[in-house]
Amino acid sequence: MDTFASTTQPAPPTDPAQAAAAYLAHAVELATQNVRENGGPFGAVVVTADGSVYEGVNRVTANLDPTAHAEVSAIRNACQGQGTFDLSGATLYTSCEPCPMCLASSLWARIDRVYFAAGRDDAADAGFDDAVFYRYFEGGSEDRAIMPVANIDLGADQRVAPFTEWNSTISRIDY
């Protein structure tokens, strides 16, 4: 179901508020259909600055990929379809409030705005409780006990070797 530009998406209304509601409703429809196809109950639509529409659905269990969230899939499809990693000017419409990974992916893609239907509490009520992840980033050290992250000093030269190489590479593509 992960495809590039949608062939099923009807033309949106010209009124911006109605268009946003139509794209959001489409994301919810994608999520509902994905459940029927053994996927997770999440769908997303990216509308790029030029008006192109890209879809994504949650395929975490179907693909055995914990990063295959609907938002990430839609972003990947949009980037591939547009031939760029920079989606400035794009809008993400998603059936549920993005988890921290999906929100970070939206930020890395330079998406301008995100609209969602169901909230994190609605997802928790259905058994998708991402609260521990939100607390990991928003809380204190006690909230980070689920997965400690620590810096190990390898020495200055070795630690920054990849960055030194990056900065000396003329053919690099900055992002």
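Separation of atoms OG1 (T91) and OH (Y23) is listed at 9.0 Å; rounding is to 0.5 Å. Of the inter-residue distances, the one linking F116 atom CZ with C96 atom SG reads 8.0 Å to the nearest 0.5 angstrom. Here OG of S106 is found 7.0 Å from CD of E71. Values are rounded to the nearest 0.5 Å.
When side chains are defined from C-beta on, T94 does not count as touching C102, because their heavy atoms never get closer than 4.5 Å. Side-chain contact between N34 and N58 is present, with heavy atoms from C-beta onward closer than 4.5 Å. Side-chain atoms of M101 and T67, non-hydrogen and from C-beta on, do get closer than 4.5 Å to each other. Contact check for D174 versus W166: side-chain heavy atoms found under the 4.5 Å cut-off.
V47 and V57 end up in the same hydrophobic cluster when Ile, Leu, Val, Met, Phe, Trp and Tyr side chains are linked at under 4.5 Å. I75 and W108 end up in different hydrophobic clusters when Ile, Leu, Val, Met, Phe, Trp and Tyr side chains are linked at under 4.5 Å. In the hydrophobic clustering of ILVMFWY residues, with side-chain heavy atoms under 4.5 Å counting as a link, V149 and F133 come out together. Under the 4.5 Å side-chain heavy-atom criterion for grouping Ile, Leu, Val, Met, Phe, Trp and Tyr, I111 is not connected to V72 through any hydrophobic cluster. Linking Ile, Leu, Val, Met, Phe, Trp and Tyr residues whenever their side-chain heavy atoms come within less than 4.5 Å leaves L87 and Y175 in two separate clusters.
Across every non-hydrogen atom of V114 and P98, the tightest pair is CG1-CG, 3.8 Å. Nearest heavy atom pair, residue L92 against residue A44, reads CD1-CB, 4.0 Å. A31 and S95 make their closest contact through CB-OG, 3.7 Å (heavy atoms, listed as atom of the first residue, atom of the second, distance). Residues A117 and V28 share a closest heavy-atom pair of CB-CG2, 3.9 Å. Between P162 and R159, the shortest heavy-atom contact is CD-O, 3.9 Å. Summarising the geometry of Y136 relative to I146, their closest heavy-atom pair is CD1-CG1, 3.9 Å, with the distance given to 0.1 Å.
Other residues, nucleotides and ligands contribute over 12 non-hydrogen atoms within 6.0 Å of the CD atom of E142. Within a 6.0 Å radius of CZ in F85, more than 12 heavy atoms belonging to other residues, nucleotides or ligands are found. Atom CG of D157 has 12 or fewer heavy atoms from other residues, nucleotides or ligands within 6.0 Å. Few gaps surround CD on E138; more than 12 heavy atoms of other groups in view lie less than 6.0 Å from it.
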Dump the intermediate steps for salt bridge (Lys or Arg N to Asp or Glu O under 4.0 Å) on R59 and D65, then the final yes or no.
-> CA-CA 7 Å; R59 303 303 290 169; D65 179 356; over 6 Å; no

Could you walk me through whether V46 and N77 pass the side chain to side chain contact (heavy atoms under 4.5 Å, CB included) check?
-> CA-CA 9 Å; V46 171; N77 289 336; over 6 Å; no

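The aromatic rings of F42 and F128 stand perpendicular to each other, their planes meeting at an angle above 60°, with 30° marking the opposite boundary.
Listed for the Y134 side chain is no donor-acceptor partner under 3.5 Å among the backbone atoms of R120. Listed for the R110 side chain is no donor-acceptor partner under 3.5 Å among the backbone atoms of G89.
For the 3.5 Å distance criterion, the side chains of T84 and D86 fail to qualify, holding no donor opposite an acceptor.
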